[in-house]
Participant: 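The structure follows.
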Amino acid sequence: MCGRYNVIDDPKIQFLLDILGIHIRAQTRLNIAPGAKGQIVYETSRGRTLDDAIWSLLIERKPDGTGYRPSPKYSTFNARSGSLGSSPLWKKRFHSQRAIIPASGFHEWTGEKGRRQCYNIHPLDSAIAFAGLYELWDFQGEIVPSFTIVTLPPHPRFSHIHPKSIPLMLTPEDFDMWLDPCLTNTDPLQHLLKTQIRQPLAIEPVRTPADLEPIGQGEEIEADE
């Protein structure tokens with residue numbers, strides 16, 4: 001996953017939030033990049049929350065004190081599924097700090113430098129529920145949420161768009177289990193970490209990720225059986 005996604009306040013994203021039990025409208029945000037703020041859903045003993053969060057798990061104060069930024073030492077906007085149970089960075093959070101990141105689509109680029117084509121990728125009939133992990137950082141009393149998106153190994157029918165990975169996109173039957181902070185035994189989650197396309201995807205060439213204006217002919221990728 002190259003590191004861009006979008007959220008469009010429309011019936012699809014609102015239906016996703018309704019399923020999650022969140023009765024707040026999503027905010028339209030185009031071309032969200034690592035270090036920018038997205039919205040995440042997570043669950044604690046007080047229930048489920050939709051919260052603004054910085055996209056990159058490890059964050060620090062900006063040197064000029066105007067806010068927060070991703071750690072310059074480590075890239076943590078994606079978490080590879082194969083290391084969730086072993087990496088000291090991900091293991092604890094995988095056991096009890098899982099989140100869902102509502103999205104409308106995500107972006108990938110193909111082609112040579114200078115002639116690269118951007119694609120907007122989204123399910124045909126629904127919004128996206130990215131699987132993620134989160135942290136609530138305490139900066140001298142200021143609580144700042146951050147998150148990462150889980151990625152799977154490459155899928156053979158998606159590798160012409162992105163040869164290295166594909167994000168883990170959950171379906172409604174996964175939501176309660178993924179968000180349950182009391183489910184610290186992650187064995188029931190292992191089937192989700194296998195590379196798969198669980199819903200049909202539209203691959204649309206767009207002019208830029210900032211306006212998502214379609215150009216040219218797209219394609220559809222069927223879900224795995």
Side-chain angles (χ1 to χ4, degrees), residues 1-8 13 26-42 49-63 66-110 116 118-122 127-137 139 143-155 158-159 161-170 178-179 189 192-193 195 201 208-210 212:
M1 185 174 174
C2 280
R4 297 287 192 280
Y5 74 95
N6 62 77
V7 178
I8 300 170
I13 202 84
Q27 296 178 6
T28 293
R29 303 179 187 188
L30 302 182
N31 202 27
I32 300 170
K37 286 187 177 181
Q39 292 182 298
I40 67 172
V41 177
Y42 62 94
T49 300
L50 177 71
D51 212 348
D52 273 358
I54 296 173
W55 185 15
S56 283
L57 193 79
L58 297 182
I59 59 175
E60 64 181 25
R61 286 190 185 275
K62 292 181 179 179
T66 60
Y68 302 91
R69 68 179 186 181
S71 167
K73 296 181 180 179
Y74 306 100
S75 175
T76 60
F77 63 92
N78 287 161
R80 294 181 181 180
S81 59
S83 62
L84 293 182
S86 57
S87 166
L89 177 60
W90 310 127
K91 187 174 181 179
K92 171 182 174 291
R93 297 171 176 105
F94 180 43
H95 281 269
S96 60
Q97 293 170 227
R98 299 180 296 270
I100 286 176
I101 298 90
S104 298
F106 64 100
H107 313 149
E108 300 289 1
W109 283 259
T110 65
R116 292 174 67 76
C118 180
Y119 291 88
N120 184 41
I121 299 135
H122 60 87
I128 296 173
F130 287 128
L133 310 176
Y134 76 96
E135 185 58 78
L136 302 177
W137 299 99
F139 290 95
I143 304 302
V144 182
S146 68
F147 70 97
T148 186
I149 292 176
V150 176
T151 59
L152 303 169
H155 191 287
F158 189 76
S159 59
I161 298 296
H162 197 286
K164 295 183 178 180
S165 65
I166 187 169
L168 172 51
M169 293 173 274
L170 302 173
W178 186 264
L179 290 176
L189 303 173
L192 299 175
L193 306 184
T195 299
L201 297 176
T208 72
L212 300 181

Participant: With side chain to side chain contact (heavy atoms under 4.5 Å, CB included) as the test, would you mind laying out the steps for L189 and R98 before giving the verdict?
Facilitator: CA-CA 11 Å; L189 303 173; R98 299 180 296 270; 3.7 Å; yes
Participant: What's the separation between atom CG in L192 and atom CH2 in W178, rounded to the nearest 0.5 Å?
Facilitator: 6.5 Å
Participant: Heavy-atom distance under 4.5 Å between the side chains of S81 and P153, does that happen here?
Facilitator: yes
Participant: Say you draw a straight line from NE2 of H107 to OG1 of T208; how long is it, rounded to the nearest 0.5 Å?
Facilitator: 9.0 Å
Participant: Using the ring of each side chain (for Trp, its six-membered ring), is F106 parallel, tilted or perpendicular to F158, with breaks at 30° and 60°?
Facilitator: tilted
Participant: Are the ring centres of F139 and Y68 closer than 6.0 Å?
Facilitator: yes
Participant: Counting C-beta onward and ignoring hydrogens, is there a side-chain heavy-atom pair between P72 and E60 closer than 4.5 Å?
Facilitator: yes
Participant: Nearest 0.5 Å, please: how far is CH2 in W90 from CG in L57?
Facilitator: 5.0 Å
Participant: Give a yes or no answer on whether the side chain of S146 reaches the backbone of I59 with a donor-acceptor pair at less than 3.5 Å.
Facilitator: no
Participant: Is there a donor-acceptor pair under 3.5 Å between the side chain of Q39 and the backbone N or O of Q27?
Facilitator: yes
Participant: Counting only N and O atoms by type, is there a donor-acceptor contact under 3.5 Å from the side chain of T148 to the main-chain atoms of T76?
Facilitator: yes
Participant: Which atoms form the tightest heavy-atom contact between Y134 and A99, and what is the distance?
Facilitator: CD2-CB, 3.9 Å
Participant: Which pair of heavy atoms, one from G85 and one from F94, lies closest together, and at what distance?
Facilitator: N-CD2, 4.3 Å
Participant: Quick one: pull up OH in Y42 and OG1 in T49 and give me the separation to the nearest 0.5 Å.
Facilitator: 5.0 Å
Participant: Looking at CG of L201 and CD1 of I161, how far apart are the two atoms once the value is rounded to the nearest 0.5 Å?
Facilitator: 10.5 Å
Participant: Do P34 and R4 touch side chain to side chain, with heavy atoms closer than 4.5 Å?
Facilitator: yes
Participant: Is the shortest heavy-atom distance from the side chain of P63 to the side chain of R69 under 4.5 Å?
Facilitator: yes
Participant: If you compare all heavy atoms of R93 against all heavy atoms of L133, which two are closest, and at what distance to 0.1 Å?
Facilitator: O-CD2, 3.9 Å
Participant: Grab the two heavy atoms, one from P145 and one from L136, that are nearest each other, plus how far apart they are.
Facilitator: CB-CD2, 3.7 Å
Participant: So W137 and I54, side chain to side chain contact (heavy atoms under 4.5 Å, CB included) or not? Walk me through it.
Facilitator: CA-CA 11 Å; W137 299 99; I54 296 173; over 6 Å; no
Participant: Which atoms form the tightest heavy-atom contact between F130 and A103, and what is the distance?
Facilitator: CE1-CB, 3.5 Å
Participant: Say whether, by atom type as modelled, one donor and one acceptor occur between the side chain of S165 and the main chain of P154 under 3.5 angstrom.
Facilitator: no
Participant: Show your working on side chain to side chain contact (heavy atoms under 4.5 Å, CB included) between L168 and I149 and close with a plain yes or no.
Facilitator: CA-CA 8 Å; L168 172 51; I149 292 176; over 6 Å; no
Participant: Do you know which two heavy atoms are closest between V41 and P102, and how far apart they sit?
Facilitator: CG2-CG, 4.1 Å
Participant: Is R29 atom CZ crowded by more than 12 heavy atoms from other residues, nucleotides or ligands, each under 6.0 Å away?
Facilitator: yes
Participant: Roughly how far, to the nearest 0.5 Å, is the NE2 atom of H95 from the CG atom of L84?
Facilitator: 9.5 Å
Participant: Measure the shortest side-chain to side-chain distance between I100 and F147 over non-hydrogen atoms and say whether it is less than 4.5 angstrom.
Facilitator: no
